[in-house]
Structure formats: structure tokens, C-alpha cells
Amino acid sequence: MVKVRFAPSPTGYLHVGGARTALFNWLYARNQGGTFVLRIEDTDQERSTQESIDQIVEAMTWLGLDWDEYYRQTDRTDVHLEAAKSLLENGSAYEQDGAWWFKVPAGETVVHDLLAGDVTFNHDQIKDFVIRRSDGTFVYNFVVVIDDADMEITHVIRGDDHLTNTPKQIMLYRALGRKPPKFAHLPMILGPDRTRLSKRHGVTSVLEYRRRGFLPEAMVNFFARLGWSHGDQEVFTRDELVKLFSLKRTGSSAAIFDEEKLRWLNQQHMKLADPSRLVDLVRPFVIESGQVTEEMWNAAGDERLTLSAELLRHRCHTLIDLASMMLVLFPVEIEVEDEIALDDRQKEIIASICDGFSQALSFSHSDVERLLHAMLAEQGAKLKDVAHAIRVTTTGRAVGPGLYNILSVIGSEIVVARLRDLIRR
RNA sequence: GGUCCCGUCGUCUAGUGGCCUAGGAUAUCGGGCUCUCAUCCCGGCGACAGGGGUUCGAAUCCCCUCGGGACCGCCA
């Protein structure tokens, strides 16, 4: 039975490196039908905050990484103390200046890593280390071993910044008479300058990506492909990842976080998403614009919103892009990106189109097409003569979906209002 | 500095001795489609860090060099 854990320290938000580690643990557990534990490593009293815990939980929940068991390390102090005492008693540890130190024995330790292979560490290079601070609290390298052993974690999957800690931990397992778990050290995620990813590389907070309009399934897909692969496939649903995931298919070299590919992947998942879910997801972004009220949103009509989301999602990479495009559906003053000046002839044509539109009983894609062409024929004009002016006036932009489609979802009332406004100017 | 890990197109990767004049994706450039843009389709550019071996044959195995990263804390 597989049991894995993700063990973040609550000293800040969940960053993309941590999320990737969490995901690989979660995928492994779900693929194997095992157990996934979330364990908050809050033994650093100075820097741990409840706010960080809340943020981590929220980010994990957003990504859909659900856990089967939850612990806080500081809740387990009694267990840690018991174990530390036993090390003192059996001579594996000693007290000095109020702190308890683990005595590193002579010899060497081989880490049998599932990803890195066998890595040998000579104990000459490893100094005695503190397991219990003089203030009575315990340090990471110690509690991680006690907890992993106690919770019967079978596989420790974590970033390879922990690889050189591993021999210390294996020594502790031995001194405690416990069997070490299997280890798999994941390559790190680096910034574009190939150094450890940090805040100076821009956005590293998972929840920040939510704010920037990314879909959780796109993030999950992207993180999975940082290190793991399955042939030539790039786009995976969550279920596919669970089904296909394997540590054997995981590489061992560091990867750079490339937002361009994430943006592309986000678009792929927006195209895969159920349109009505997309509407639900984009809603807060539209409201956040400040131009559309809850009432206006509710009055817009689900069908219109769904149709427009389907129409527009091919043209955007994030929910923010989609939200800004959907603004044109509402009776708001739209920002026109380039000024349209009509000659008298064009005014005449558009006025006639407005007349046609305003009498329409229904305004479907084919209604718009029929009406538009009827009016153009009457005026002896071509679509090309006024298409650009109509598009820019009704949507604010020179580019967008097919004209019939976009006019149809905007609706005759708003379309006519915007066009008449143009003629008057 | 010591120890350890890593090194295929700009980026993510496929590749586990012959299927590789190295495949896919992204980005980028060009073409097609379209009222426009996007999607989509077609095509171009673009990599085995370097040097030695081993072998009939090496991106793949070995050694050295170089480059990058991590750890070396009473942080995790």
C-alpha cells in the first residue's frame, strides 16, 4: 500500500515548485490507489503563520489536490520528544549547550533514489547536527523522520534540494531502528536565469495564477509536464494524468518555468472546458472590471453568455482575456481602440442596417446574416464597405469573431444603440 | 571551498548502442482559410556542452574538462 505526503512549511504562500512536488505526490498516490497526506511542517515557530497555512490549503484545494490525512507537526511534539529521548538514551545523541545533537557515526550511507539512482555519501562530510533546539522545539531533519516513520510513509517524493539531507535522515532511521522509506528526488524548477525560482523571477505564487485567469487543470497539466512525459502528448486531463502517471517516466534534470507554454496550455484547456463552467469561472473577472454589475450579469442570459464564451475562447489565453472580450455583451460604454470616421455613404448604409436590425424579432447568427445582406442589397453595398466600422463600433476592436456571430450574441438592442451613436457623431 | 545532482532546438521534452541526415510541443517566421483576428491546416528556422576513449556502429556506455544547480543553519 502506497502512502505519500506533501510537507510544506507554512512560511509563505504555495509557490510553483511546491505545487509541482505536491502534484507528483498526489498523482502517485492516486495512480497507485494509495494515501495522500498533507502535513504542515510548522516547527519553525518564528516564521510559521496561520495565514500561510490557509493559503496553502486554498491553493491545494484550487488545484484539486485533495488529501486523505492532515497533520500539523507541532501537534505531535510529544511523539517527537519520546523519540529524541530514546536517541539520547541509546547513545545516538548527546546534549551540549542545551541543544540535543545527533552524533554522526563513521562510515557511509547510500541513498537508493528512485530517480537519481544510488548516491553514496561519506560521513566525513557530515557534521553532527541539532535535533532539539535549546528552546525545546525540534528541527526539520529530525521531525520529518519521526513523522514519516510514524505515519508509515512508503515513498518520500520531494525536491532534490533535499537529496543531501537524505543521508542524515537515513542515519536517524537506523538509530531509531526504523526502516527508511523509498526516496524519489524530483529535479527543481528554475527561473529563466537558471537559478532557484524565487520572487525576483516574477509570479511564483499558485494563487496568483488563479488571479491572473489560469485554469487549475491547465496548471496541473503544465506542472506534470515539467519533468514527466508520456510520448508526444502535451494536453492531458486530470483523469488522464492519474491514469498515466509514473515515476519511471519522470526525468532528472531541472526545468525552467516557461510561462509562454503555460499560456498556450491554458488556452487548450479553455477550449476543452464545458462552456457553462467557463461562464461561471469568468464571472468574477467580468464583475471585477467594475463596469458590469451583478444585476447586469444576471440579466445577460445564460445562453448568450455561454455562446459568447464558446465563440471567444479561441481568441484568448486566460480568463482575463475572455472577461475583457465579454464586456461588449453588456450595456456599457465600450472602449473603442481606433476612431472610426464614416463618410455620408457609409452612414446611409449603416442607418439602413440599423433599421433592419431594430425590426428583427430574433437575432440569431442566421438572422443577422439574412438581415445584413438584405439591407446591403437594398443599398447596393458590399459587406466589406462597412464590416470594419460595424465591428469596431460594436466591439471596440478591429479583430474578433465572425461578424454575424458576435453581433448575434451582443444582441440587436445594444448593436443598434452603438451604431446609431456612431452615425450621430 | 567541500560534498552531491544535472547537461538534447530559446523553452518543455522523446530518445535506454543501429529504427536518428535526432521526433513532438511551445515560441518565432512564412503560406492557406476568413470581413478581420484567433482557432485550425501546411511549411521554414532551430539542439545531442567540449574533448578523449570502448564498439563494426554512440545522443545513448566509460573517463576528463567546462557549464548550471542544490546542500553544507539551534531554516524547511
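Both backbone and side-chain heavy atoms feed into the values below; hydrogens, waters and symmetry mates do not. What you see is a predicted model; the values in this text were computed from it and never measured. Chain A is the first sequence line, chain B the second, and so forth, proteins listed ahead of strands; every chain is numbered from 1.
- Between B/U3, B/C35, B/U39, one nucleotide has an atom nearer to the side chain of A/Gln125 than all others, and that is B/U3.
- A pairwise comparison of heavy atoms in A/His185 and A/Leu115 identifies O-CD2, 3.5 Å as the closest pair.
- Put simply, A/Arg315 has no side-chain N or O that comes within less than 4.0 Å of OP1 or OP2 on B/U36.
- The phosphate of B/C74 has neither OP1 nor OP2 within less than 4.0 Å of any side-chain N or O from A/Thr137.
- Here the nucleotide nearest the side chain of A/Ile256, chosen from B/C35, B/G2, B/U11, is B/U11.
- In the set B/C4, B/G7, B/C74, the nucleotide with an atom closest to the side chain of A/Val130 is B/C74.
- Between the C1' atoms of B/U8 and B/G68, the separation comes to 16 Å (whole Å).
- Side-chain nitrogen and oxygen atoms of A/Lys271 include at least one within less than 4.0 Å of the OP1 or OP2 phosphate oxygen of B/C40.
- Nearest nucleotide to the A/Ala99 side chain, out of B/U13, B/C74, B/U3: B/C74.
- Taking 4.0 Å as the cut-off between side-chain N and carboxylate O, A/Arg72 and A/Glu41 do not count as a salt-bridged pair.
- Nearest to the side chain of A/Val399, among B/C71, B/C5, B/U36, sits B/U36.
- Here A/Arg133 reaches the OP1 or OP2 of B/A76: one of its side-chain N or O atoms lies under 4.0 Å away.
- The side-chain tip of A/Arg30 does not point at the ring of A/Tyr28 from less than 6.0 angstrom away and within 45° of straight on.
- Relative to the ring axis of A/Tyr173, A/Lys179 does not place its NZ or CZ within 45° and under 6.0 Å from the centre.
- Listed pair A/Arg20 / B/C12 fails the phosphate criterion, with no side-chain N or O lying under 4.0 Å from OP1 or OP2.
- Each of B/C5, B/U3, B/A25 was ranked by its minimum atom distance to the side chain of A/Trp264; first place goes to B/A25.
- The base of B/A27 is not paired with the side chain of A/Lys261 by any donor and acceptor separated by under 3.5 Å.
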Can you give the donor-acceptor pairs under 3.5 Å from side chains of residues 374-389 of chain A to other protein atoms, not counting sequence neighbours?
from, atom 1, to, atom 2, distance (Å)
A/Gln379, OE1, A/Arg345, NH1, 3.3
A/Asp385, OD2, A/Lys382, N, 2.9

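- Distances shorter than 4.0 Å separate none of the side-chain N or O atoms of A/Ser134 from OP1 or OP2 on B/C74.
- Closest to the A/Leu403 side chain, of the nucleotides B/C35, B/C74, B/G23, is B/C35.
- Here B/A76 is the nucleotide among B/G24, B/C4, B/A76 with the atom lying nearest to any side-chain atom of A/Val139.
- The partner of B/A25 is B/U11, by the rule that a Watson-Crick or G-U pair needs both atom distances under 3.5 Å.
- Taking 4.0 angstrom as the limit, A/Lys127 places a side-chain polar atom (N or O) nearer than this to OP1 or OP2 of B/G73.
- The same atom, P, is picked in B/G10 and in B/A22; the two are 15 Å apart, to the nearest Å.
- Picking from B/C75, B/G15, B/A76 the nucleotide with the shortest atom distance to the side chain of A/Arg249 gives B/G15.
- Shown here, B/C75 forms no base pair; nothing in the strands shown gives a Watson-Crick or G-U wobble contact with both key distances under 3.5 Å.
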